[in-house]
Structure formats: C-alpha cells, structure tokens
2 protein chains.
Amino acid sequence: MSFENTPYKDKKVISIGIVRELTGLSFRQIRYYEEKRLLFPERTEKGTRKYSFSDIEKLVEIANKREDGVQTHEIRTEMKKEKEKLGEKSVLKEMLRGQFHAYFKNNHDRTS
Amino acid sequence: MSFENTPYKDKKVISIGIVRELTGLSFRQIRYYEEKRLLFPERTEKGTRKYSFSDIEKLVEIANKREDGVQTHEIRTEMKKEKEKLGEKSVLKEMLRGQFHAYFKNNHDRTS
DNA sequence: CGTGTAAGGAATTCTGACACG
DNA sequence: CGTGTAAGGAATTCTGACACG
C-alpha cells in the first residue's frame, strides 16, 4: 500500500516551534547552531525553516556537548569526523555485500 | 546512541501548511476530513494542528477514495473495519508468540 | 455533501541589532 | 563566544459563516 520509500527520519517538515518544544532549546540557540553550520534545515518558499527528526536528534547531541563546555566549532569538527567514519562504514558494508554476492554466486554455480 | 524508542511515523509534529504541500489537498479539505473524524491531529497549546506522517498517508488514501466518489462517511466506516482487522492480526501475533514461547520453554526443559 | 472563499484576529517566524561577558 | 531580548514586519493558522449545488 505504501508508494514512497521515504525515510521519515530525514524529511524536513518540522517548524522551529515544535523543535523548540522537542529539544528544550531556545529559538536563539537553534538558529545560532544553524549559523555555525552544525545543522541545515530547509526552507519553505516564504522562508520558514523546516527540520527533520534527525535534526532534532542532532540538536540534542549538540546541547549535551555544549553542557560539557564544548564550543560549537569543535562540535562541528567532531561531527565532520563522524560523517567520515560513517562513510568508511558504508564502504565496508558495500565490500562485504560484494563478498556475499560472490560467495552465493559461486555456491549456486557449484551446487546446481 | 539513540535514547528514545520513537516511531517517527506517528509523531504529531507537522503543521497544516506542510501537510497541504505533501498531500496536494486544500486547507479546507484537510480540516473537513478532521471534522468528519477521518483523522485526529493533535494541537499545540495555542491551538494549531499537528499531524504525523501516518496522517499524511491517510489523507492521500482519503483523497484517492474521494476521487472514486466514495463519501467521507463510507470512508470512515471502511477505516474502522481496517482497524478491526489490524486488531485481529495483533491478537494472532500474540497467540503465535505465546506458542513459540511455550515451544522453546518445553524444548529447553527437556534438553537441559 | 464537499469545497471555495472573504473576514478578522491571534499566534508564529524572520531578520538585524544591541547587550553582556 | 553563546545567548537573551525588544522591534517591526511578514507569513501562518484558526474559527464561523455564506455560497453553490
């Protein structure tokens, strides 16, 4: 019945007021972290910000680090590294998938 | 790293403007279907409606049925039946789970 | 029955700036 | 650096009603 393969978690559909409620942060903080490029909400045609659930999770993480005294710039650097690691993981996954495919292909060829 | 077991699909966080964009329906239609109790958005303290991704999927289904000339009341009846079926399914699942538990419990008792 | 629309008001969001530290 | 706040304006949403059919 579903017709779209949408990862709801990443769809940018939440306005800043709801984000404020969900994260407990102030409008000022939420916008400031965007200014410092820690997250990238989208905009409607008229310019109001739209966030995803992922953005909300990220904001909570940011808030935690800020409580530990970590500066926004450091947080940004950390997050970049995280992304790289995720990239590596994807590569590994792809390689493993290739291995499996090869394995099953061979197995099939031999046994049938 | 995740700390909440939230089914994003059912979280009511989307304002009516975004719903309008995502479904292609008019504000009037979206509110009317609520009036006819086909869906149940939540409200912020100040009264603005909040929808979930599930609501959006439901609205698309409603739109399709309306195009086929189905009246809102019939749609409502159909949806109730759907819910009942889902309820039955859950019951069956629970029963099956019980069966498995019993099976493994017995198996364990005998073999250890 | 289902939907459009104009009406008036209330709530939301935006930006740029000043403040403090 | 990170955050609060007052300011003015623009965009959003709400409700109840009249209209058409």
Side-chain angles (χ1 to χ4, degrees), chain A residues 11-80, chain B residues 11-80:
Chain A
K11 269 221 138 186
K12 312 264 187 176
V13 295
I14 310 175
S15 64
I16 194 166
I18 301 285
V19 174
R20 191 196 102 274
E21 274 185 24
L22 261 33
T23 61
L25 296 169
S26 68
F27 292 118
R28 186 66 163 105
Q29 289 172 311
I30 298 168
R31 295 195 188 112
Y32 183 71
Y33 299 149
E34 174 186 3
E35 192 182 321
K36 292 303 169 185
R37 290 184 299 174
L38 301 183
L39 72 161
F40 307 89
E42 292 179 0
R43 301 280 184 132
T44 64
E45 313 92 87
K46 306 287 183 57
T48 73
R49 272 167 266 250
K50 296 183 293 181
Y51 301 84
S52 67
F53 284 110
S54 296
D55 289 331
I56 287 170
E57 289 188 1
K58 198 185 266 187
L59 281 168
V60 173
E61 273 188 53
I62 293 169
N64 287 145
K65 294 190 181 172
R66 284 292 304 126
E67 279 184 27
D68 296 344
V70 186
Q71 293 193 324
T72 57
H73 186 266
E74 302 178 52
I75 296 174
R76 180 151 186 263
T77 311
E78 287 175 29
M79 293 196 326
K80 272 190 187 173
Chain B
K11 269 220 139 187
K12 310 264 186 176
V13 296
I14 309 175
S15 63
I16 195 167
I18 301 286
V19 174
R20 191 196 103 274
E21 274 185 25
L22 261 33
T23 61
L25 296 169
S26 69
F27 292 117
R28 187 66 162 105
Q29 288 173 312
I30 298 168
R31 295 197 187 109
Y32 183 71
Y33 299 149
E34 174 186 2
E35 192 182 319
K36 292 303 169 186
R37 289 184 299 175
L38 300 184
L39 72 162
F40 306 89
E42 293 179 359
R43 301 280 184 132
T44 64
E45 311 90 89
K46 305 287 183 56
T48 73
R49 273 167 266 249
K50 295 182 295 181
Y51 301 84
S52 67
F53 284 109
S54 296
D55 289 330
I56 287 170
E57 289 189 0
K58 198 185 266 187
L59 280 169
V60 173
E61 274 188 52
I62 293 169
N64 287 145
K65 293 189 180 171
R66 284 292 303 127
E67 278 183 28
D68 297 345
V70 186
Q71 293 193 325
T72 57
H73 187 266
E74 302 177 52
I75 296 175
R76 179 153 186 263
T77 310
E78 286 175 28
M79 293 195 327
K80 271 190 186 170

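Below, chain A is the first sequence line, B the second, and so on; all start at residue 1.
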Verify side chain to side chain contact (heavy atoms under 4.5 Å, CB included) between B:Met79 and B:Lys58, making sure each step is shown before the conclusion. CA-CA 10 Å; B:Met79 293 195 327; B:Lys58 198 185 266 187; 4.0 Å; yes

With side chain to side chain contact (heavy atoms under 4.5 Å, CB included) as the criterion, how do A:Phe53 and A:Lys11 come out once you've worked through the C-alpha distance, each side chain's angles and the decisive distance to 0.1 Å? CA-CA 7 Å; A:Phe53 284 110; A:Lys11 269 221 138 186; over 6 Å; no

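To the nearest angstrom, C1' of C:dC14 lies 13 Å from CD of A:Glu35. Here C:dT13 presents its P atom at 8 Å from CZ of A:Arg20, a figure rounded to the nearest Å. Here the P atom of nucleotide D:dG2 and the CG atom of A:Asp68 are 14 Å apart, to the nearest Å. In this structure, A:Ile30 places its CD1 atom 16 Å from P of D:dG2, rounding to the nearest Å. Between the CZ atom of A:Arg49 and the P atom of D:dT12 there is a distance of 14 Å, given to the nearest Å.
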Residues 27-42 of chain B side chain polar contacts: donor-acceptor under 3.5 Å, at least two apart:
residue : atom : partner : partner atom : Å
B:Gln29 : OE1  : B:Ser26 : N            : 2.9
B:Gln29 : OE1  : B:Ser26 : OG           : 3.3
B:Glu34 : OE1  : B:Arg49 : NH1          : 2.8

Please output the side-chain donor-acceptor pairs of residues 13-24 of chain B that fall under 3.5 Å, not counting sequence neighbours, one pair per line with the distance.
residue : atom : partner : partner atom : Å
B:Arg20 : NH1  : B:Gly17 : O            : 3.1
B:Thr23 : OG1  : B:Val19 : O            : 2.8
B:Thr23 : OG1  : B:Leu25 : N            : 3.2

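Here A:Thr77 pairs with nothing under the side chain to side chain donor-acceptor pair (under 3.5 Å) rule; sequence neighbours left out. B:Lys12 is linked by a salt bridge (charged side-chain N to carboxylate O under 4.0 Å, His left out) to B:Asp55, counting only residues two or more places apart in sequence or in another chain. A:Lys65 is linked by a salt bridge (charged side-chain N to carboxylate O under 4.0 Å, His left out) to A:Glu78, counting only residues two or more places apart in sequence or in another chain. With sequence neighbours excluded, no residue forms a side chain to side chain donor-acceptor pair (under 3.5 Å) with A:Lys50.
Within residues 39-48 of chain B, the residues that place at least one heavy atom under 4.0 Å from DNA chain D are, in residue-number order, B:Arg43, B:Gly47, B:Thr48.
Here the straight-line distance linking atom CZ of A:Arg66 with atom CG of A:Asp68 works out to 10.0 Å at 0.5 Å rounding.
For B:Ser15, a side-chain nitrogen or oxygen approaches OP1 or OP2 of D:dT13 to under 4.0 Å. An OP1 or OP2 oxygen of D:dC14 is reached within less than 4.0 angstrom by a side-chain nitrogen or oxygen of B:Arg31.
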With the sugar-phosphate defined as primed atoms, P, OP1 and OP2, and the base as all remaining atoms, what B/S/- string results for nucleotides 3-10 of chain C, 5' to 3', for protein heavy atoms under 4.0 Å? BBB-----

Wobble G-U and Watson-Crick pairs count when both distances are under 3.5 Å; given that, what is the 5' to 3' dot-bracket string of DNA chain D, with | for pairing to other strands? .||||.||.|.|.||.||||.

